[in-house]
Amino acid sequence: MNADTSTAVDHYDRLLAEHYTWMLGGDIQAAADRQAALLADLGLTGAESGGTAVDLGCGSGAQTLALLRLGFSPVIAVDTSRALLDELLAHVPDSGAVRPVHGDIRTALPEVSEPATVRTVVCMGDTLPHLPARSDVPALLGDISRVLAPGGHLVLTYRDLTAELHGTDRFIPVRSSDDRLLTCFLEYRDEDTVIVHDLLHTRVDGSWRQRASSYPKLRIAPPWLAGQCRAAGLDVRRETADSRGMRILHAVKP
């Protein structure tokens with residue numbers, strides 16, 4: 001890794017965590033509504049008898065809030081950012097319904113869940129490509145398969161970065177408002193990794209200030225990921241893309 005490239009954890013702590021909800025549109029409740037609609041469309045519900053759900057890479061809480069609205073309880077919310085976990089808890093009316101876990105999604109599941117006890121695991125919002133190595137993906141899917149109860153659901157959403165962009169196509173506007181502008185630049189390092197350079201401009205006292213940081217993301221091909229889910233003993237029910245280009249994979253434990 002280049003000396004000027006941080007890990008995903010450091011990148012969020014230094015640059016993105018305080019702007020994360022703004023990146024989602026600025027309204028966490030509206031973001032939760034969208035996620036709840038997606039999960040409901042996939043057939044997820046905890047309404048019959050509650051049931052434990054795990055949100056891997058929960059961020060500021062869009063998925064966790066969606067799972068609560070669908071009847072899951074408790075929801076175990078895992079993230080490496082303490083700031084984002086604190087923001088999530090500020091949006092939860094019943095603090096007992098959410099179990100925040102400040103930790104690595106690669107090691108959290110065996111620590112927080114017994115085998116075959118979880119009804120739903122979600123890893124959404126492009127969290128999966130933040131894993132440090134390709135080998136971490138099948139290892140995580142194995143842990144997910146072990147904690148899921150029979151009939152339990154897995155939902156993954158992520159960006160497919162396998163198709164290399166060229167020239168100015170590598171500059172991607174993320175969001176802009178009157179006082180903030182976020183653009184990312186993609187640098188393709190090898191067949192497994194792309195370096196994401198985030199350029200954040202904020203307007204302070206009438207002047208624009210720039211902050212920049214970079215981190216690696218995995219290039220995950222949808223057919224490969226579906227195959228890894230099947231190898232972990234999961235039945236892939238849906239593998240598609242939404243209108244914004246995010247891949248959606250829904251799998252069920254037989």
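Since the structure is predicted, the reported quantities are computational estimates derived from the model, not experimental observations.
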*asked:* Cation-pi check for Trp224 against Arg134: NZ or CZ below 6.0 Å from the six-membered ring centre and within 45 degrees of the axis, yes or no?
replied: yes
*So, the side chain of Arg211 versus the backbone of Thr202: is there a donor-acceptor pair under 3.5 Å, distance only?*
no
*Kindly assign one of parallel, tilted or perpendicular to the pair Trp208 and His201, based on the angle between their ring planes and the thresholds 30° and 60°.*
perpendicular
_Side-chain H-bond candidate by donor/acceptor type, Gln35 with Arg69, under 3.5 Å_ = no
*For the residue pair Tyr20 and Tyr12, does the interplanar ring angle fall in the parallel (under 30°), tilted (30 to 60°) or perpendicular (over 60°) class?*
tilted
*Crowded around Gln210 CD? As in, over 12 foreign heavy atoms under 6.0 Å?*
yes
*Carboxylate-amine/guanidinium proximity below 4.0 Å for Asp27 and Arg34*: no
_Atom pair CG/CG of Leu140 and Asp143 - distance to nearest 0.5 Å_ = 6.5 Å
*asked:* Check Arg106 with Asp136, please: is the shortest side-chain N to carboxylate O separation under 4.0 Å?
replied: yes
*SB check Glu239 Arg247 (cutoff 4.0 Å)*: yes
*What's the spacing between His153 NE2 and Ile144 CD1 if we round to 0.5 Å?*
14.0 Å
*Name of the residue among Leu109, Asp79, Leu56, Ile76 meeting side chain to side chain contact (heavy atoms under 4.5 Å, CB included) with Val101*: Ile76
